[in-house]
Each structure stands twice: as C-alpha cells, then as structure tokens.
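Down below is the structure, laid out as structure tokens.
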Amino acid sequence: MRHFSFIRNPSPADIGSNVEQFLRFLGGPACLLLEGDDNSRTRAFVTLLHGNEPSGAIALYRWLTSGQRPAINIVCIVASVEAALEAPGFSHRMLPGVRDLNRCFRPPFADAQGELAEEILEILRLHHPEAVIDMHNTSGSGPSFGVCTHMDRQHDALVSIFTQRLIVSNLSLGALMDISEHSYPTVTVEVGGRLDEEAHELAYEGLCRYFQADKVLAQGDTDWGLELLCDPIRLELNEGVSLTYAERASERHDITLSLDIEHHNFGSVSADTQLGWTSSPEQELFSALDSSGRCAVSKLVRVEQGRLYAAQGLKLFMITNNAAIAQSDCLFYAVADDGSTICS
Ligand SMILES: [Zn+2]
C-alpha cells in the first residue's frame with residue numbers, strides 16, 4: 001500500500017476533540033479497523049471519497065468518541081482527507097488539478113487518484129466484507145437516497161438502514177459501487193445536503209444501525225417499501241457552454257437556470273415547468289444518453305421563446321446549484337414522472 005495508513009481500534013483519547021482534529025490525526029487516506037463482538041465477519045464503510053462531503057466523517061468521528069463496539073468487524077475507509085482539510089475545510093470535492101476520485105474505480109489506475117482507487121479496491125479484497133456502504137452528501141440541499149447498480153432483497157435491506165428512496169442506475173461512471181458490486185453488495189448512500197445538520201444526524205443514526213445490526217442483508221418484518229427510481233438519465237452540458245443561476249436571463253451566459261431549481265429535487269415537474277432561460281436550441285447546449293446509448297435531450301428539456309422547460313412529466317434529482325459541478329459532472333438526473341425508465 002502506498003497511500004493509506006492503517007489504524008486499528010483507535011482510542012477516543014487519540015482522535016482529537018472535533019472532526020477537523022480527527023482528520024489531522026488521520027493525516028491522509030486512512031483505513032480504520034474496528035474490531036467487533038463477532039470478529040469472523042466484516043462490513044465496510046467508505047466515506048470522504050469527496051472532500052466536501054462531511055457527513056460520513058462526522059458520523060464516524062462521533063461513533064469513535066462514543067466508545068461503542070460494533071457487532072462485527074468494520075473496515076472504515078476515509079479517502080480524501082487532504083482535500084477535506086484544504087482551507088476552508090470540507091469545501092474541496094478534490095484538490096485542484098486531480099480527477100474526481102469517485103470516477104477512478106476502473107483501469108487505467110495510472111495517476112495518483114487512480115492509485116488511491118486501486119488501493120481502496122485492494123483493501124476491500126483483503127477484508128472481503130459482506131456489504132459495502134459508500135456515504136456521500138449532495139452538493140445542494142435535498143432529501144436522502146441510496147444508489148445501487150441493481151436491485152434485489154439484499155440491496156433493498158441495505159438501503160433501508162439509511163433511507164427509503166433508491167435509485168437503480170447502471171451508468172458505469174467509474175464509481176466505487178460500479179466495480180465493488182461485482183464482489184459484495186454495495187450501496188452508495190447520499191444522506192442529504194453537505195451543509196445540512198439533518199444529513200449529519202441521519203449519517204450518524206444510519207451508521208449506528210449499520211455497525212450494530214447482526215444482519216444487514218435481510219429485512220425483518222418492517223419492509224418500508226422503497227421508492228424506486230430506475231435508470232435515470234444525466235443531463236450534461238456540452239463543451240464550452242456557459243451556465244449561471246439567476247432570477248432572470250443573463251446575457252453573458254448561454255444558459256441561466258432558475259435560482260430555486262434545487263426545489264424540484266425529487267419533486268415532479270411537468271412540461272409547463274420552466275427551468276431557466278436560453279436563446280440556443282437544446283441540442284446545441286446539452287447531451288443526454290438513454291440506457292441504450294441514444295440521444296435523449298429532447299425527452300428531458302425543450303426551449304421555447306427563450307425559455308427552458310422540462311420536456312415532459314419528469315422526476316428530477318441530484319440537481320446542482322453549483323455551476324462548476326454542473327459543468328464538470330451534470331445538471332441533474334431524470335426519470336419519468338412515475339419513477340420508471342425514460343425510453344427514446
Ligand atoms: Zn460524493
């Protein structure tokens with residue numbers, strides 16, 4: 001291992017008196033091994049793949065200071081510690097000039113971020129966990145949800161520990177779950193907005209359930225009935241298209257999105273819902289591919305008389321209000337209004 005440090009059963013006295021001191025104690029990418037009552041089994045908890053998403057690190061810090069012991073062994077991977085510590089704290093998704101770590105979980109693992117990703121996969125292989133939870137925050141405010149690449153009773157049970165909403169998506173972006181999934185049931189949990197106290201609370205409560213439960217892959221009688229959102233399509237900006245967020249059309253940008261666009265997160269929009277303004281045709285501005293690889297831009301948005309509308313009844317989520325993230329990642333994900341796959 002080249003990047004990760006390994007820490008076994010850290011004592012509450014050593015890990016600092018707040019989460020920032022905890023990260024300084026870790027000093028860089030870290031793997032914490034927490035011994036459980038039953039040490040014949042292991043679960044994995046991964047967090048801070050993105051340095052600006054604090055809920056998982058805060059929850060883990062709280063757990064460690066509580067002095068509790070998990071039901072089975074837990075291997076905790078805290079990845080982008082340096083990015084999180086870069087001032088102001090928890091503001092950098094990654095350090096400038098490096099790749100998004102959660103897009104690096106596929107070969108080639110040539111650069112430093114690729115090496116980190118490869119080491120994380122190596123750690124998982126070594127410990128062979130019965131389940132993997134990868135905890136994130138969304139950049140904007142919004143409700144919690146889980147993401148997995150396919151759906152069965154095990155994933156259903158695993159997600160239900162944290163939230164009632166599940167996105168089933170096979171976009172193969174190079175995220176940890178895309179590859180880890182082949183060996184262990186893996187779920188990405190987005191606990192809510194990175195600045196939301198509620199998200200930190202859910203992260204801790206969910207983490208406690210995940211660490212303390214005897215079984216996490218089988219649901220008891222309390223089937224919550226997950227809300228399922230299948231095969232979302234990403235609306236991406238084309239190269240060189242400029243974007244801003246404002247209350248009215250900005251002449252200096254190709255697209256202006258409404259300031260309150262995040263309010264549509266997980267809500268339904270109709271063909272009458274205005275999302276913003278633009279004077280260019282939608283095909284010039286956006287890219288979107290459905291699951292069979294066909295262009296789906298016209299299924300998502302339409303431009304009429306300088307205004308940008310939803311193209312049909314849709315459910316939108318992971319809407320960002322951050323132009324840099326919209327440009328480097330995507331503006332939002334969409335499924336048909338009833339949660340089903342959009343087909344071209
Ligand atoms: Zn993230």
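Order of appearance sets the numbers: ligands from 1, and atoms from 1 within every ligand. Note: hydrogens, waters and symmetry copies are ignored here, and every other heavy atom, side chains too, is used. From a predicted model like this one, the values you see are computed outputs, not experimental measurements.
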> Can you check whether Phe266 and Phe145 have ring centres sitting under 6.0 Å from each other?
Replying inline: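 Yes, close enough.
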> Between Trp63 and Phe211, is the ring centre distance below 6.0 Å?
Replying inline: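 For Trp63 and Phe211, the ring centres are under 6.0 Å apart.
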>> If you consider just the N/O/S atoms, which atom of His136 is the closest one to the Zn ion (ligand 1)?
In response: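 Closest to the Zn ion (ligand 1) among those atoms: ND1.
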>> If the cut-off is 2.8 Å, does any N/O/S atom of Glu190 fall short of it from the Zn ion (ligand 1)?
In response: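 No, outside the cut-off.
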>> Among Leu257, Leu300, Ile325, which residue satisfies the side-chain contact (heavy atoms from CB on, under 4.5 Å) criterion with Leu331?
In response: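 Per the side-chain contact (heavy atoms from CB on, under 4.5 Å) rule, the option paired with Leu331 is Leu257, out of Leu257, Leu300, Ile325.
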>> Strictly below 4.0 Å, N to O, side chains only: are Arg41 and Asp214 in salt-bridge contact?
In response: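 Yes, this pair counts.
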> At the Zn ion (ligand 1), what angle lies between atom ND1 of His50 and atom OE1 of Glu53, rounded to 10 degrees?
Replying inline: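 Once rounded, the angle between the two atoms at the Zn ion (ligand 1) is 110°.
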